[in-house]
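In what follows, a single structure is set out as structure tokens and then discussed.
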Amino acid sequence: MCSSISETLLAYLSLGVLPIPSSVSPTTTAIGFLVLWLIALSAVALGVLYIAILVIAHFPRSALPSENTYTTTTRSGAISEPRKLRHIREDPDDERQREEKVAVSVVVPAYNETERLPGMLNEAVDVLEGWQLASGEKATYEILVVDDGSRDQTADCALKFSAEKKVPEDHIRVCKLEKNRGKGGAVAHGMQRCRGDYIIFADADGASQFSDIKTLHASLTSLTDSPASPAIALGSRAHMVKSEAVVKRSFIRNFLMYSLHTLLYVFGIRTIRDTQCGFKMFTRSAVAQIFPFMHNEGWIFDVEVLILAERKGVKVAEVPISWHEVPGSKMELARDSVRMAIDLVVIRCAYMLGVYDDGRKASREKALRKKKES
């Protein structure tokens, strides 16, 4: 029966433009043509997938002129005129020549956070004001609140807090986005416009215990002795999976959490137990290697950070932190969980297919140019 099928296929295929050598058996020829057809179909399927990913992939908009500025409270307590935010790409190659350097920058993405933001800022300022580095020097700092197009008075709330707390000028900066970008977009925008040697983003709800910033900083300095070397310390709640704070969550919330973890495992994120904690610290070099190449601006942006870190060989440490549930989450569980799952597939496929640029090609070309010049 196999012979009759192959002979029939051979008869059809022999009508094509390719000659069939007489020395080749009908079965071998038929199998060869079937392999060619499968390769052709695979190429078509890959092309269709590429076009589909290209259509639904996210490419962030450019920052508007006003979004590259910030306001702060002056020594008199008044609100300053807009001042320029320097982009991380404007840094000189020699880190020692960087102006207005501070030890630590804190980026706080905020959307309609007038209720929760003051408490978080109060805890952050208290910790930062009393922080002494391992060298014995007082930690210099800034907090950059990125108002993600809020409909309430989030920006004013941050500036009011700064004035009432008498926070020194330029220690709390407020950048207001004209159009909402999503948490990932607000974080990426702020991370690229900070002055710190070490830069952390922290959620406005204050769910993470801010004093754990010292633990993350210690972890980073154990990975590398210089902010010019890329490394990341991830705040993690994985140790709390069976704690009361998690166990008392609703069934659907925990179900969606475990479903996301399973999907992350399938897509290759297997060494990090908690990808979604909103408390992550980076060396300045890591920020420069990752955030200019970010694409996703939604809730799953943390995973893209880790994918880029993996692709670029950035050192990553997961650090247990204290955390508690805070009411008022902006996430809509059902809708946003589905969106996160779709975005995860898109991110992974977009990098595999070359739809997203991770900057490695440009880095190699720059290194080659420097080598030729030297």
Side-chain angles (χ1 to χ4, degrees), residues 70 72-75 77 86 88 91 94-108 117-146 158 161-174 187 190-191 193-237 239 277-288 315-324:
Y70 73 95
T72 186
T73 49
T74 63
R75 294 178 182 178
R86 184 183 294 273
I88 199 166
D91 282 349
D94 187 345
E95 282 285 318
R96 293 170 298 181
Q97 297 178 19
R98 185 158 53 85
E99 298 176 359
E100 298 185 322
K101 186 191 304 187
V102 296
V104 180
S105 292
V106 182
V107 174
V108 184
L117 184 59
M120 181 271 168
L121 290 177
N122 189 60
E123 182 184 3
V125 169
D126 286 346
V127 170
L128 293 167
E129 284 288 345
W131 187 7
Q132 282 194 326
L133 301 175
S135 62
E137 297 179 1
K138 185 179 183 299
T140 54
Y141 74 91
E142 68 175 353
I143 299 174
L144 177 60
V145 178
V146 182
F161 167 84
S162 180
E164 292 178 349
K165 185 82 173 178
K166 293 183 171 55
V167 178
E169 185 172 344
D170 264 338
H171 281 49
I172 291 184
R173 299 177 163 196
V174 178
V187 169
M191 295 291 282
R193 291 164 176 81
C194 285
R195 300 175 290 163
D197 286 334
Y198 299 92
I199 306 174
I200 185 171
F201 66 80
D203 289 344
D205 60 7
S208 302
Q209 183 173 298
F210 198 84
S211 58
D212 284 333
I213 188 175
K214 299 176 183 179
T215 307
L216 265 64
H217 183 264
S219 177
L220 270 189
T221 53
S222 69
L223 289 175
T224 174
D225 59 358
S226 169
S229 178
I232 308 172
L234 311 173
S236 175
R237 304 158 296 180
H239 62 292
C277 180
F279 204 60
K280 295 179 173 68
M281 179 176 272
F282 303 71
T283 61
R284 189 170 189 82
S285 176
V287 170
K315 297 176 183 178
V316 178
E318 193 168 9
V319 183
I321 63 167
S322 300
W323 177 88
H324 64 283

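Throughout, residue positions are numbered sequentially from 1 according to the sequence presented.
In this structure the side chain of Asp197 never reaches within 4.5 angstrom of the side chain of Val104, judged on heavy atoms. Side chains of Val145 and Arg173 form no contact here, defined as non-hydrogen atoms less than 4.5 Å apart. In this structure the side chain of Val107 reaches within 4.5 angstrom of the side chain of Cys194, judged on heavy atoms.
Residues satisfying the side-chain hydrogen bond (donor to acceptor under 3.5 Å, both in side chains) criterion with Thr74, sequence neighbours excluded, are Ser76. The side-chain hydrogen bond (donor to acceptor under 3.5 Å, both in side chains) check on Ser162 picks up Thr73, with sequence neighbours excluded. Qualifying side-chain hydrogen bond (donor to acceptor under 3.5 Å, both in side chains) partners for Asp203, counting only residues two or more places apart in sequence or in other chains: Lys183. With sequence neighbours excluded, the residues forming a side-chain hydrogen bond (donor to acceptor under 3.5 Å, both in side chains) with Ser236 are Glu318, listed by chain and number. Residues forming a side chain to side chain contact (heavy atoms under 4.5 Å, CB included) with Ala103 (at least two apart in sequence, or on another chain): Leu133, Thr140. Evaluation of the salt bridge (charged side-chain N to carboxylate O under 4.0 Å, His left out) rule for Arg193 yields no partner, not counting sequence neighbours. In terms of the ring-ring contact (aromatic ring centres under 6.0 Å, His included) criterion, Tyr70 has no residue partners (sequence neighbours excluded). In this structure Pro230 satisfies the side chain to side chain contact (heavy atoms under 4.5 Å, CB included) test together with Ser285, Ala286, Gln289, Val314, sequence neighbours excluded.
Contact record, Ala317 with Leu223: CB-CD1, 3.8 Å, taken as the closest heavy-atom pair. Minimum heavy-atom separation, Ala207 to Asp205: N-OD1, 3.0 Å. Counting all heavy atoms, side chain and backbone alike, Ala233 lies closest to Leu220 at N-CD2, 3.6 Å.
Checking side-chain atoms of Lys280 against main-chain N and O of Cys277 turns up a donor-acceptor pair under 3.5 Å.
Under the 4.0 Å criterion applied to side-chain N and carboxylate O atoms, Arg284 and Asp91 are assigned as salt-bridge partners.
The structure places CG of Asp225 at 11.0 Å from OG1 of Thr283, a figure rounded to the nearest 0.5 Å. One distance of note links CD of Glu142 with NE2 of His171; it measures 9.5 Å at 0.5 Å rounding. Going from atom CH2 of Trp323 over to atom CZ of Phe279 covers 14.0 Å, rounded to the nearest 0.5 Å. The CE atom of Met120 sits 9.5 Å away from atom CZ of Phe161, with the distance rounded to the nearest 0.5 Å.
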Check residues 208-218 and write down every donor-acceptor pair under 3.5 Å in which the side-chain atom is one partner and the other belongs to a residue at least two apart or another chain.
from   : atom 1 : to     : atom 2 : distance (Å)
Gln209 : NE2    : Ser211 : OG     : 2.9
Asp212 : OD2    : Ser322 : N      : 2.7

Chi angles and distances behind the side-chain contact (heavy atoms from CB on, under 4.5 Å) call for Val102, Tyr141 | CA-CA 5 Å; Val102 296; Tyr141 74 91; 5.8 Å; no

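The salt bridge (charged side-chain N to carboxylate O under 4.0 Å, His left out) pairs that include a residue from residues 123-134 are Asp126-Lys165, Glu129-Lys138, where partners are two or more places apart or lie in different chains.
Evaluated for a side-chain contact (heavy atoms from CB on, under 4.5 Å) with Ile172, the options Leu144, Val108, Val106, Ile143 yield exactly one hit, Ile143.
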